[in-house]
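Every number for a ligand or one of its atoms is a count from 1 in the order of the listing.
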Amino acid sequence: MRACDTPLLRKFWYCVARSGDVQDKPFGTRLLGEAVALWRDGQGLVRAVQDRCPHRTAKLSLGQVNNGNLVCPYHGWTFNGDGHCIRVPQVVQDRPTPFGVNAYRCTERYGYVWVALEEPLFDIPEIAELATQGWRQVHEFHEVWRTSALRIIENAFDPAHISFVHRNTFGTDDPRIEPFTLDERPDGFVFRNDFRVTNAEHMKSALAMDEDETTRATRNRFHLPFSRVGHIHYPNGLVHILCSFLTPIDDVHTRFTQFVVRNDREEDVPAEVVVAYDREVTDEDRAVLESTDPEVPLDRSEGVELHMAADRAGLTMRRMLRDLSVAQATPAG
Ligand code: FES
Ligand SMILES: [Fe+2]
């Protein structure tokens, strides 16, 4: 699957920036091969338009914000939050111009800016704990990886890589797969499995646990197309919820955004210790994922990859994406 050539992928919300990236200046980002300019309008709401001026193609994100509108850096043409050109400074206008740039749906949630290029099929994944007393959010990563979003999200549901990729952190040396269940939902699936993990000496403080081994009881929720909200329950009562959102920048680059939600306090485990644990684990994944072919075949009959039973979650993602692409391309009725 090439992300930029898959029309289905335009119909989802993606995390494109941190809220703090968009303050009093415009901010440029990329989504599915399209350059997108973000800025805050007069009400403080983030707006998103095509980052390409219709006059001489300059990047609008290099311009300025004036009265909540976006001003092109080249000749000052000015665009409102709906993308309409409302001012050409060189021309005395007595009526609105009939032209503009594409505007996209844009919202903020969990401290990030989200954009959908077309009417989204599903809402942004719900994280109920964030609205509940006793839980905290720890921001971890917002960075660009050189591989495709599907490779990264498949890996988040791949029990077979742990004793190899993570042998220096939480993986045990037993490569056998514990039983798992996978329950499909219209917008993804729930993957559950419980497994033994190593509690490495240098990582014990992040889990507030002294044992050399422990157990993870996981409920890993996949949301189409490339998101995961994964609950990890430890025997000491700690719940560590991994919230990972993958944004295809183009066919071979992906923005990896991750934060965690936990039921402990900063006094128990400082945020920097939480981040350091996941940094080490995530860098292990990244090293191998960036060595893979970014192009992932959606159809098993293409025969360019071999599979095993432990690949079921990734294969289910591929089938769901393929079926939804066909359904969306087929006119209703
Ligand atoms: S290129 Fe934007 S106003 Fe000329
Ligand atoms: Fe991993």
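For the pair R196 and E213, the salt-bridge criterion is met [side-chain N within less than 4.0 Å of a carboxylate O]. Contact check on R286 versus D283 returns no salt bridge, with no Lys/Arg side-chain nitrogen under 4.0 Å from an Asp/Glu carboxylate oxygen. A salt bridge links E154 with R318: the closest approach of a Lys/Arg side-chain nitrogen to an acidic carboxylate oxygen falls below 4.0 angstrom. At a threshold of 4.0 Å, the pair R151-E305 counts as salt-bridged, since one of the basic side-chain nitrogens sits closer than that to a carboxylate oxygen.
At a cut-off of 3.5 Å, with distance as the only test, no side-chain donor of H142 or Q258 sits close to an acceptor on the other residue. Side-chain N/O atoms of R52 and T57 include no donor and acceptor closer than 3.5 Å.
In terms of protein heavy-atom proximity, atom 1 (S) of ligand 1 is closest to R56 N, 3.2 Å.
Sorted by first and then second residue, the side-chain hydrogen bond (donor to acceptor under 3.5 Å, both in side chains) pairs with a member in residues 107-118 read R10-E118, S19-E108, R40-E108, Y112-H139; sequence neighbours excluded.
For residue H75, no N/O/S atom approaches atom 2 (Fe) of ligand 1 to within less than 2.8 Å. Look at D285 and the Fe ion (ligand 2): an N/O/S atom of the residue is under 2.8 Å from the metal.
Here the N, O or S atom of H161 that is nearest to the Fe ion (ligand 2) is NE2. Distances from atom 4 (Fe) of ligand 1 to the N/O/S atoms of H55 are shortest for ND1. Within H166, the N, O or S atom at minimum distance from the Fe ion (ligand 2) carries the name NE2.
Interface atoms of ligand 1 facing Y74, defined by a heavy-atom separation under 4.0 Å, are 1 (S), 4 (Fe). Annotation for ligand 1: atoms under 4.0 Å from non-hydrogen atoms of C72 are 1 (S), 2 (Fe), 3 (S). If you number the atoms of ligand 1 from 1 as listed, the ones under 4.0 Å from a heavy atom of C53 come out as 1 (S), 2 (Fe), 3 (S).
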